Visitor: 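I'd like to ask you about the structure that follows.
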Amino acid sequence: MHNPQLNRKGELQHLLTLDGLPAAILKQILDIAEPFTEVAEREVKKLPLLRGKSVFNVFFENSTRTRTTFEIAAKRLSADVINLNVATSSTNKGETLLDTIDNLCAMGADMFVVRHATSGAPYLIADHLRNTGREHISVVNAGDGRHAHPTQGLLDMYTIRHYKKDFSQLTVAIVGDVLHSRVARSEIAALATLGVPEIRVIAPKTLLPTNVERMGVHVYHDMREGLKGVDVVMMLRLQNERMQGALLPSSQEYFKCYGLTQEKLELAKPDAIVLHPGPMNRGVEIDSAVADGKHAVILPQVTFGIAVRMAVMSMLAGQ
Amino acid sequence: MKIRIANGRLIDPVNHIDAQRDLYIAEGKILAVGDVPDGFVADRTVDAKGMVVMPGLVDLSARLREPGFEYRATLESEMQAAMAGGVTSLACPPDTDPVLDEPGLVEMLCFRAKNMNCAHVYPVGALSFKLEGKRITEMAELVEAGCVAFSQVNTPIVDTQVLMRAMQYAATFGFRVWLQPIDPFLSKGGVAHDGEVASRMGLAGIPVEAETVALETYLSLARLTGVKLHLTRISSAAAIECIERARAKGLDVTCDVAAHHLHLCDHDIGYFNPQCHVVPPLRSQSDRAALRAALADGRINAVCSDHTPVDDDGKQMPFAEAETGVTGLELLLPLTLKWAQEEKLPLLKALARVTADSAAIMGITKGGHLSPGARADVCVFDPEGWFKVSREALKSLGKNTPFLGLELPGVVRYTLVEGRIMFGA
């Protein structure tokens, strides 16, 4: 089976997932991102790498943060950015996904940044572009269903590398709703590829996917046990709709068992860092004291995210 | 017309024949096997040297998409597919639009099918009105109209009291009930086998227990009501064990598997291939191995195509949103042969699963074998030939199959229905 995100030379053609991507490419992206962090500090925050290129942010699912950071990244590379929020609902389908893509291709798109509520949707688009001889158009997955959020995973790796330098000695804990989280899947894939020796997931059984241990993680249901001696705590966002019903009884109980508090964080290494993909639910998965505390690197994550997205886009554009 | 099919390797599981024998056909019926009957002069002799001559295949599930889904496939197109696949009898599930829950609809379907003079179509009636699981259908009337069994297809009856009543009512008349074990809650929202692959890909899972929990309920109610129960599209090793436990306690129950489940597992989803979105889901490698073994030793009684033509628009969607089902009429024989080859099974045994055994489940006696006096429904295929699966090669309007591009063993050369050559020159 061909790898749909690499071209025949083994270079990045699309960014669809971090799962299965060679470590060399992951590191290459992080290395390329490094100098881009300085662009934000310049008086003129622009590079000409994507001048004349049209980047279409096609969001089939609402997002403000991710779309904005992609937009900033593309604009700093001098691309023309077009934002589309394509409202879809299962009852009123209207135009098909591929019809939308064909139309945007006809408008001269060079790159699609796609978010979709259904796992695998960006693969369908990449496959369609290949089948119709439009390999020159790249697809960046900005989050698909529960499957992957590769740029989030990459910016998390960038953040960890920035603070911890070396992946090979780390113990990392991912806490929260792994079952529904594309972020968690991308993080696990990237951490494993980059050689992190111990990856833990901490969650109640209702929020863990079946056979999660086959992804190469150690499972903890007791948060205090799971946080012992970790270097990195990666919190996951808990969606509001999950908080009542059969998955969890209440947000209060969730916070009691799986919310990150100062007291629980003290079980981690003294220099542990805390990441969160945002937006945070204070008092649900994370206590304000931790979110604003000295271990948190949540705002630097956002800044690094722009650099990482610039790196991905410039690589896909062949620069 | 009198036809002699000469020099072929005749395989007829019902009569335990696997030998070089000539087949003599007259007036739409099998006249004799082996020795030429007195005074028989063939109008046409078909040379079947090097080929296998077998009863036409009997498929337990083929959606013809009429009425209601003519944009996906038509009776005409799918009958051509059946002929190209050597399928001469098929059961048609009731999930049409409208649902096959009224005698008039069933009569119309039988009438339209009969006029085409192709495969014999045996409608399966809806067990509940509109398949909604609330009100039972007029089963006696539906049987009179032509139904051979009653089913809920993929929409299980949620209310177990209604299910019990439906079984009781069917048992009153000795009607067959075919049920697909699906727990509506455990399968809710799921699109793939709940295992490592679905977890990694972020696809909502359907646990094996969605099958076994429903199965235990059905088996208990079958014991209670005495209904003639057949379980459709078994997908897991655990389900086979459930059925075997019930059989050990004396319950007489049959089951089938879809041909694609013998060859594919959840890993075949690959990079979200929507062609692998099927109901029940493709399960693990060990489940697949268990299905293959159980079909070989008869714990699973028959294999069917579960033919479901879907147009390209219905499949060119993200995995979870894509319509379910595969096209299968033309692949039933090749996939059965492939399974038999790989499991090193004698053809006599393997081909029973698509002829005699499936005919027995449907309760038809005139097809599925080559006894003198039976309908002359015959399939002649080249066992050395390879069928290259391609959009062009498939007669069905549904080109939806994960086997596209593959070469499968066995090429159908002739299909006869009641003594008429409907496929092949």
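Just so you know, these numbers use all the heavy atoms, side chains as well, and skip hydrogens, waters and symmetry mates. Quick note on labels: first sequence line is chain A, next is B, and so on, each numbered from 1. All values reported here derive from a predicted model rather than from experimental measurement.
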Visitor: Using the test side-chain contact (heavy atoms from CB on, under 4.5 Å), find all partners of Asp311(B) that sit at least two apart in sequence or belong to another chain.
Guide: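 Counting only residues at least two positions away or on another chain, Asp311(B) forms a side-chain contact (heavy atoms from CB on, under 4.5 Å) with Tyr71(B), Arg72(B), Asp313(B).
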
Visitor: Tell me, out of Glu213(A), Arg214(A), Met215(A), who's got the most heavy-atom pairs with chain B below 4.5 Å.
Guide: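 The candidate making the most pairs under 4.5 Å is Arg214(A).
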
Visitor: Which value, rounded to the nearest 0.5 Å, describes the distance between Ser199(B) atom OG and Leu208(A) atom CG?
Guide: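 The CG atom of Leu208(A) is 9.5 Å from OG of Ser199(B), to the nearest 0.5 Å.
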
Visitor: Do any of residues 201-208 of chain B have a heavy atom less than 4.5 Å from a heavy atom of chain A, and if so, which, in residue order?
Guide: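 Near chain A, by residue number: Met201(B), Gly202(B), Leu203(B), Ala204(B).
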
Visitor: Provide the full list of salt bridge (Lys or Arg N to Asp or Glu O under 4.0 Å) pairs with a residue in residues 386-402 of chain B, sequence neighbours left out, each pair given once.
Guide: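 Those involving residues 386-402 of chain B are Asp312(B)-Arg391(B).
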
Visitor: Kindly determine whether Gln316(B) and Thr96(A) satisfy side chain to side chain contact (heavy atoms under 4.5 Å, CB included), including the steps that lead there.
Guide: CA-CA 9 Å; Gln316(B) 284 175 357; Thr96(A) 70; over 6 Å; no

Visitor: Return the CD to OH distance between Gln5(A) and Tyr271(B), rounded to the nearest 0.5 Å.
Guide: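 Spacing of CD (Gln5(A)) from OH (Tyr271(B)) equals 7.5 Å.
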
Visitor: Check whether any side-chain heavy atom of Leu97(A) sits under 4.5 Å from a side-chain heavy atom of Met317(B), and report yes or no.
Guide: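 When only atoms from C-beta onward are counted, Met317(B) and Leu97(A) do not touch, as no gap falls below 4.5 Å.
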
Visitor: Going by atom types only, do Thr210(A) and Asp194(B) share a side-chain donor-acceptor pair under 3.5 Å?
Guide: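 Asp194(B) and Thr210(A) do have a side-chain donor-acceptor pair below 3.5 Å.
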
Visitor: Quick one: of Gly195(B), Pro274(B), Pro318(B), who has the most non-hydrogen atom pairs under 4.5 Å with chain A?
Guide: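 Greatest number of close heavy-atom pairs with chain A: Pro318(B).
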
Visitor: Which value, rounded to the nearest 0.5 Å, describes the distance between Leu124(A) atom CG and Lys315(B) atom NZ?
Guide: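 Answer rounded to 0.5 Å: 12.0 Å.
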
Visitor: Using the side chain to side chain donor-acceptor pair (under 3.5 Å) rule, collect all pairs that involve residues 184-194 of chain A, keeping only residues at least two apart or in two chains.
Guide: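 Every candidate side chain to side chain donor-acceptor pair (under 3.5 Å) pair involving residues 184-194 of chain A fails, so no pair, neighbours aside, qualifies.
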
Visitor: Given side chains that start at C-beta, do those of Ser119(A) and Phe272(B) come closer than 4.5 Å, heavy atoms only?
Guide: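 Side-chain contact under 4.5 Å: yes.
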
